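Values below: every heavy atom of this structure, side chains too, minus hydrogens, waters and symmetry copies. Just so it is clear, the structure is predicted and the values come from calculations on it, not from any experiment. Lettering of chains follows the sequences in order, A, B, ..., and the numbering in each one begins at 1.
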Amino acid sequence: MDGVMSADIIVIILATGIRLATPFLLAALGEMFVQRSGVYNLGVEGIMMMGAFAGFYATLQLGTPLLGIAISLAIGALMGLIMAVVSVTFKAEQGISGIGLYMFGWGLSGLLFRLYVGGVTSIDGLKPIAIPLLSNIPIIGPVLFNHNGLVYTAFLLVPLSGLILYKTSWGLNVRAVGNKPEAADTLGVSVVRIRYECLILGGMLAALAGAFLTIGQANMYADNITAGRGFIAIALVYFGRWSPWGILLGSLLFSMADSFQSMVQVLGINFPYELAVILPYLVTIIALAISYGRVWAPAALGKPFQRGTRG
Amino acid sequence: MSSNYNGVFKQIMVLISALVGALLVGALFLLLAKSDPVKAYGVMFSGPFSDKFGITETLVRAVPLLLVGLGIVISFRSGIINIGAEGQILAGAIGATAVATSLPDLPAVMLLPLVFLAGATCGGLWGGIAGWLKARLSVNEILSTVMLNQIALQIYLFLIRGPLIDPKEVSYGTGVPQTALIPEHIWLSKLIPGTRIHSGLIFALLLAVLVYVFLWKTSSGYRMRAVGAGPEAARYAGIRVEWYLVLAMALAGGMAGLAGVVEVAGVHHRSLEGLSAGYGFSGIVAALFGRLHPLGTIPASVLFGALLVGADMMQRAVNIPAAMIMVIQGLVVLFVVSSDYFLQNPDFGARIKAKLFGEKADGEGGK
Amino acid sequence: GTKPTAEPAPQKTDVEKIRIALVLPATVDDMAWGQSMVDGLKEVQKSMGEDKVEVAISEKLGNAVDAGSAIRQYATQGYEIIFAHGSQYQSVLNDIAKDFPETTFAYGTGFATQPNIFAYDPQAQEGGYLLGILAAHMTKSGVVGIIGPVESGDAVKYNYGVQQGVAKGKADVQTRIAYTGSFNDIVGAGNLAKTQMSAGADILTGSSQQAVGAVRAIGETEGNYWLSTDMDQSSIAPNHVLASQVYHWEKVVTKIIELRKQGTLGGQHLTLTLADGTIEFKYNEKLADKVPAEVKAAVEAAKQEIISGKLKVELPKK
Amino acid sequence: MGEKIEHLEMRGITKRFPGVLSNNKVNIQLKTGEVLAILGENGAGKTTLMNILYGLYQPDAGKILLNGKSVRINSPSEAIELGIGMVHQHFMLVPTLTVCENVILGLSKNFFMDLKTAAKRIKEITDTYGLAINPDAYVWQLSVGEQQRVEIVKALYRGANLLILDEPTAVLTPQEANDLIQLLKNMSEKGNSIILISHKLNEVMAVSDRVTVLRDGEVCADVNTRETSQEELARLMVGRDMAPCRREGAFSPGKPVLELQDVFARGDKGTDALAGVSLRIREGEILGIAGVSGNGQKELAEVIAGLRKTSRGKIVLNGKESTQMSPSRIIEQGLGYIPEDRIHVGTIPSFSIWENLILKDHHQPPFTKHFLLQNRTIMSHSSSQVEKYGIKTPTLETPTGRLSGGNIQRVVLAREITRKPVALVAAYPTRGLDIGATEYLHSKLLEARSNGIGVLLISEDLEELTNVCDRIAVLYEGRIMKVIPVEEADERILGLLMAGIAEEAQVQA
Ligand SMILES: Nc1ncnc2c1ncn2[C@@H]1O[C@H](COP(=O)(O)OP(=O)(O)OP(=O)(O)O)[C@@H](O)[C@H]1O
Ligand SMILES: Nc1ncnc2c1ncn2[C@@H]1O[C@H](COP(=O)(O)OP(=O)(O)OP(=O)(O)O)[C@@H](O)[C@H]1O
Ligand SMILES: [Mg+2]
Ligand SMILES: [Mg+2]
């Protein structure tokens, strides 16, 4: 046992944390748009699995991870569309629809894997891209600037999402639809259309998060590959109070904690790992409890929109 | 809930259509898996009903589904959504097992009620946490229950491989994570020898009637429904909304906990891995299928139990990957929740027609 | 179907055909526990003839209720030997076996038997011990890493064996154990492997289906090795899997078939050991030259001691 | 943007909802620069008609003619396109957005919003009509009157020259209502057409050029304002003569039933909404609370009902201190309460009429014995209530959410008065009710008074207050400015007090 946390170890924890944050960030930013429009999609986990499989299979067949990404985006859009039909057009209870979508996505990804791959198969996934010069900066260079493209994408999406949400007309529509859909409706903003768009966007980002697991991390596919990450991503949206920067903070905190606990275990410091596994969930509940969720939540969250009903 | 014959008939028709729709889409995936949908569904529907084995297996599933479903009915009617039954089942199971194994010499008349009580209490406490978090700190209960499921699972696994592990597993060195068997005199009696169906079925049916009476015939039930349907008005009328939210979740958790007890006392006779078996989620579907009515949940649980058994049989009969079962379950959930819309919008069919023939209907709809 | 209570006569038709069913908690292609048994059954089918052995498999039956249905259904359909390949099936079998006294049931890991239930029990610690000795000699960094799924059952036995082997091999080599907390989180296992390596481990091992994620992660590095258990995982990373502990299920299956033919329907606790050849210690041929002869000799010596019974690898005590 | 609306005609409009014929062959007409008032009882079909014009509903029959050409209005955006703007009864603003964002919502076709240009145009509009609003303020920070101005700016920004206003003054203070009337006149002079729905006949007389009266979904009169009178309009609407209900009989109050002593309470924004309120209500008296809404009325009612905590002070109800009591204890102690939000607080919309009628007493005999609800007793109780209070409903099982506003209010009133409270708090009980329903409610309050109940009536309608109250207290910024006997109260004095202008008057309850 080395006893001390040397600088090296800290660099490892940080770099790992950044890598681990990526899928949470992608899925949570997507879910943020969905919830901002007034829908919550509990099916993120299922979409991630489908995205993970699609990305993996396309990469396996076509040989290039870039096509894998493209195809998983398309599949994610499709899954988002299903959720939209069920929860927006048919106005179904969103929590339950999400659970349905989760089961469907889990089942279908497993089925397709068995039918078209069957067995542990590796692929050549995304390679890290060291950003010239920047990656040579001592200590923070390797922490920040030696990752694969999806990692950079996820982090770039944070300011981009902020820009879209607060500075564009579409972002204005999303915020209006999520807070007072009947107002948006009377001004000719189609509530249905905005919610469809957000669910599709959210589906694409969730699928991308899944694809990151297969072609950016594991370089293979296995049943239940997401292992609950989708649900954490949803919780992070609440934690981050529906803002991209809050979500960034939450994702980093969460994944740094995870990376830290792995290192603690590896270094043999006596630490019950059951607690380590529970910890993220516990932290999330506590975070939800102290953030008084409702105050910040989009006012119409979870309420299907029907023209002409009283509130 | 409109109770006239016409309304019920219509609801049943809509549900059946939803089921058929789900299966039709499922058939596409069966074709993809290169198996014959007719044969597959043939097995799926005849299997659970064709012999004693199928029927009893269906009922074995229906018992925990009904218990969980009753809890879901209570919670939904009280305006709180319980996705946490998976964890509550485990809490109930482990509580029951702990009591049963630590007091093996108590006579059944004392031990069995104690065991049921312990299970209901543990499940209820676990559910109550989410209720309390919602009532006091406005934590979204859907999220908290999903999280609590994970936490319960980890604690449960820790207990069955640590403190509560069967001492024999340790002495033989196999270390299989499971508790000792509960004393045999409190095993629920089998209703039909040579099958797994046990007296928990009768217990669950009685409880369903009890829940119905509670919700619609008592003042406390009235209060809970009032809290669910109009929390502001309930508070205005002097009803302690927070308390009833916690109570609703505690009762829902208690029901799920009882499902755990029944699984332990009736089926497994100990706590082991995989005990909750997804009943926590399927129970929600069963409750929805039963239109969130305690008595409707009875046939719904049997139907959904048959679906689980049938899908399982189908998988073996036509040899398709097990993942197919989950695909079908997911589709059933999606179709059933969507079907509500058709009950509330009777003119929907007409609108679709209008759309198909190119007329714009009502200025609504995606694109 | 047939009535479940009335015992269907084992189908002793014109061809002497034996019908075997297998129930799996995970998948048939998990590259670990499940797949090793499936491979074993295929092996038996090949050696006895496809027409002599019928095999039916149900997978993903992680919960004992569904597994119970499947086992019962197989029993009613007249399968003669039913393998419930998971420790969690013990209770279910106890319940079912009474109703089908003519059917042979087998499960593992476990010890408790019935007149028609076999329990099988791989001594995972034995192979673990040998792999531990190998690791201790092969590590350059002096750190051996273990990626555990969950701290229970076989995983604990195996890990404990590895630890003892490493300690025996070289006193100053460290073993570091970390758990993912899940049997199937391959991404988590991959990440944990990366953390292990960045913290200094250069030889890694671990059990259950999650481990393939770690194998793949090691496959992407230079100079790190993986030691596999349950089956030979070298197909995932041919240049990185140094050696394996392989379970020869075909031998267990054959033995059960033989015993049944002789009228023993169950009641035995079958262990898998190095001594009876049901556990094999195996080098990856592709990398065999990387292991110095004296290391091989040390491993071989330990193996012989275990086989001869001179050395008993200890089991973890709780 | 289409051509300017010179002439609008809705011809033969019919709209059916399940079980209701909401509009039956309705015709209305409007020329440029004209103000058309639409009158009718609750549920007469006014809002439905306007929603059809604004594209929210499609008529089952009939057509809309703009400048003589038949048009089809499929959605609000098409209505906007044609130059129609609508200010809804319940505001259609997004509270979490700024004024500017609310105004440009749905307009900007560019990728990025251009808030600067928008703010400039908003200023032009507000300058033209003399409306003051800050484009950068968040809507949730604005008063009701300001929010209404935002709604009007929203319509004008979209180039509306036909403006529909659905009960715009129901929630405004008298001052704000006057301002609005001025604004509407100003706008019609500038060549805009206006359709105004209101239950307040004096406003209709003051601003409109013509009046169309609806009854049960049909047009029953279409007259020039100059050729009619308030009395005639009332008769046309209700179908009989109307005389305002006034208190009569001597004022002989008994012992105090509700007393507030120096009560402080925080509002939702965390500041003191009540800052030292002292009041005393006696048996057989109606005490009015006048004041601009938002000066602590809501908090006052909630504090008395135990739904909001006091931070200081003491409340005595029926001889017992109730400051720390739970709502249910306060109900037991004899408080009746008609809340401001009758639909979501006063009733549970999805519950049936009988369930709502026992909302407060479901747990005690005779409705519950041994935890079991006594259905037969409840039903006979409910049907007698429905009869006694004239609640128009098909069955006792009908959910109250399907009733009209007036009938929902009758359900609440029936429940609260039948319980025989010692004190009754009524918050804006006639808001949005038609004159018939208003009259009925007033008569019931007076009946309660003569039965010895002490009533606290919170209202913005000065005419209502002076008609039924014995004394009137004016609430301003959480303080009682003054309590005056009704004989001394006239609109001018009350108006000054409500604006907080009079010299600090001592509480003299
Ligand atoms: N969306 C709807 N669904 C069903 N019925 C409706 C709907 N909207 C209105 N109605 C019915 O149409 C009738 C007319 O309603 P409308 O809203 O037009 O009345 P109103 O004249 O505006 O009344 P008020 O003075 O109370 O505002 C009512 O009887 C009501 O029951
Ligand atoms: N979804 C609906 N279903 C049935 N009736 C409705 C519905 N929406 C509105 N109504 C009816 O429309 C009429 C007018 O509704 P509106 O929204 O104008 O409220 P209101 O009754 O005027 O109450 P208030 O003016 O006090 O808010 C009422 O008679 C009401 O019963
Ligand atoms: Mg109206
Ligand atoms: Mg109205």
ask   = So, B/Y236 side chain and D/Y337 main chain: donor-acceptor pair closer than 3.5 Å or not?
value = yes
ask   = Would a 4.5 Å heavy-atom cut-off, applied to side chains only, mark D/I358 and B/Y222 as touching?
value = yes
message = Can you tell me if D/R16 has over 12 outside heavy atoms packed within less than 6.0 Å of its CZ?
response = no
message = If you count every heavy atom of other residues, nucleotides or ligands that lies below 6.0 Å from D/F371 atom CZ, does the total exceed 12?
response = no
Can you see which heavy atom on [X] is nearest to which on [Y], and at what distance?
X: D/P327; Y: B/G238; answer: CB-CA, 3.9 Å
X: B/E232; Y: D/V345; answer: OE1-CG2, 3.8 Å
X: D/I348; Y: B/G230; answer: CG2-N, 3.8 Å
X: D/N375; Y: B/K217; answer: ND2-NZ, 4.5 Å
X: B/A233; Y: D/L359; answer: O-CD2, 4.2 Å
X: B/A229; Y: D/F351; answer: CB-CE1, 3.6 Å

For [X], is it the side chain, the backbone, both, or neither that has a heavy atom closer than 4.5 Å to a heavy atom of chain B?
X: D/L372; answer: both
X: D/E332; answer: neither
X: D/R329; answer: neither
X: D/T368; answer: side chain

inquiry  = I need the D/H362 NE2 to B/T218 OG1 distance, nearest 0.5 Å.
reply    = 9.5 Å
query = How many angstroms lie between NZ in D/K360 and CD1 in B/I239, if you round to the nearest 0.5 Å?
reply = 11.0 Å
note = Of D/E416, D/Q364, D/E302, D/H370, the largest count of non-hydrogen pairs under 4.5 angstrom with chain B goes to D/E416
request  = Below 4.5 Å from any heavy atom of chain D, which atoms of B/R240 appear? Answer side chain, backbone, both or neither.
outcome  = neither
